[in-house]
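Down below is the structure, laid out as C-alpha cells.
Residue numbers run from 1 in the order of the sequence given. The analysis underlying the following values was restricted to heavy atoms, covering all of them including side chains, and did not include hydrogens, waters or symmetry mates.
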Amino acid sequence: LNRLLEKLSERYDFHFLDLYPVFKNSDYASLFYTIDGHYTVDGHILVAEELCKFFQSQEILGAIGIESCDVDKAAVYESIEEFRHCSFNNTNKGLFLGGECFPRECNHAGQKVECITDAGQSGRQVCRDFKGWGTVLSECK
C-alpha cells in the first residue's frame with residue numbers, strides 16, 4: 001500500500017511520508033498497544049517528530065516559526081498524568097483509562113478486600129495491570 005501511495009503521490013503531485021522505515025528500525029512493540037494496534041504515547045511522539053522533520057524538509061515550518069522537532073517526552077508524560085485523573089467514588093483518586101475511571105490504589109493479590117460493584121452487589125477488590133501505562137489499578141468484581 002505504501003508503494004502504491006508513493007507512486008500516486010509522484011503522479012498526482014501530493015506529499016507522501018512513509019513511516020514504515022522509522023517504525024521498522026524502532027522498538028516496534030513499544031510503539032503500539034497490543035490490544036488494538038493504536039499508537040502508544042511513544043508511538044505518537046515518534047510520528048510527531050517524523051512529521052515535523054518532513055515539514056521542515058518541505059520548508060513549511062520555518063514560515064510559522066518552528067525551529068526544532070525535538071519533543072520533550074517528560075513534559076508530554078506529565079501532561080498525560082494530569083489529564084488522566086478522574087473522580088472515583090466522589091474522590092479525586094482515580095485514573096481515566098479506556099473510557100473508565102479506576103481507583104489509583106491497588107490491593108496486592110492475596111489480600112481479600114470487600115467492596116461494592118457498580119451493580120451494587122458485594123464483591124472483592126482485584127488488581128488489573130495496564131501494561132502500556134505502567135499502572136496497576138484495582139477494581140471491584
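- Put simply, CG on L17 and CZ on F55 are 8.0 Å apart, with the number rounded to the nearest 0.5 Å.
- In terms of heavy-atom proximity, C52 sits nearest to S68 at SG-O, 3.9 Å.
- Taking the six-membered ring where tryptophan is involved, the planes of F32 and F23 are tilted, since the angle between them lies from 30° to 60°.
- Using a 4.5 Å cut-off on side-chain heavy atoms (C-beta onward), T40 and S30 make no contact.
- Side-chain contact, Y77 with D42: a donor N or O sits under 3.5 Å from an acceptor N or O.
- Counting only residues at least two apart or on different chains, the salt bridge (Lys or Arg N to Asp or Glu O under 4.0 Å) pairs with a member in residues 49-58 are E50-K53.
- Atom CD of E6 and atom CZ of R11 lie 14.0 Å apart (nearest 0.5 Å).
- Scored by the salt bridge (charged side-chain N to carboxylate O under 4.0 Å, His left out) test, K73 finds no partners at all (sequence neighbours excluded).
- Counted within 6.0 Å of CZ on F14, heavy atoms from surrounding residues, nucleotides or ligands total more than 12; the atom is thus considered enclosed.
- Here CG of D27 is found 6.5 Å from CG of L31. Values are rounded to the nearest 0.5 Å.
- One hydrophobic cluster, built from ILVMFWY side chains closer than 4.5 Å, cannot hold both L5 and L51; they sit in different ones.
- By the 4.5 Å heavy-atom criterion applied to side chains, C69 and Q56 are counted as neighbours.
- Shown here are the side-chain contact (heavy atoms from CB on, under 4.5 Å) partners of D18, two or more places apart in sequence or in another chain: N2, R3, F16, Y20, P21.
- Counting non-hydrogen atoms of other residues, nucleotides and ligands closer than 6.0 Å to CG of D13 gives a total of 12 or fewer.
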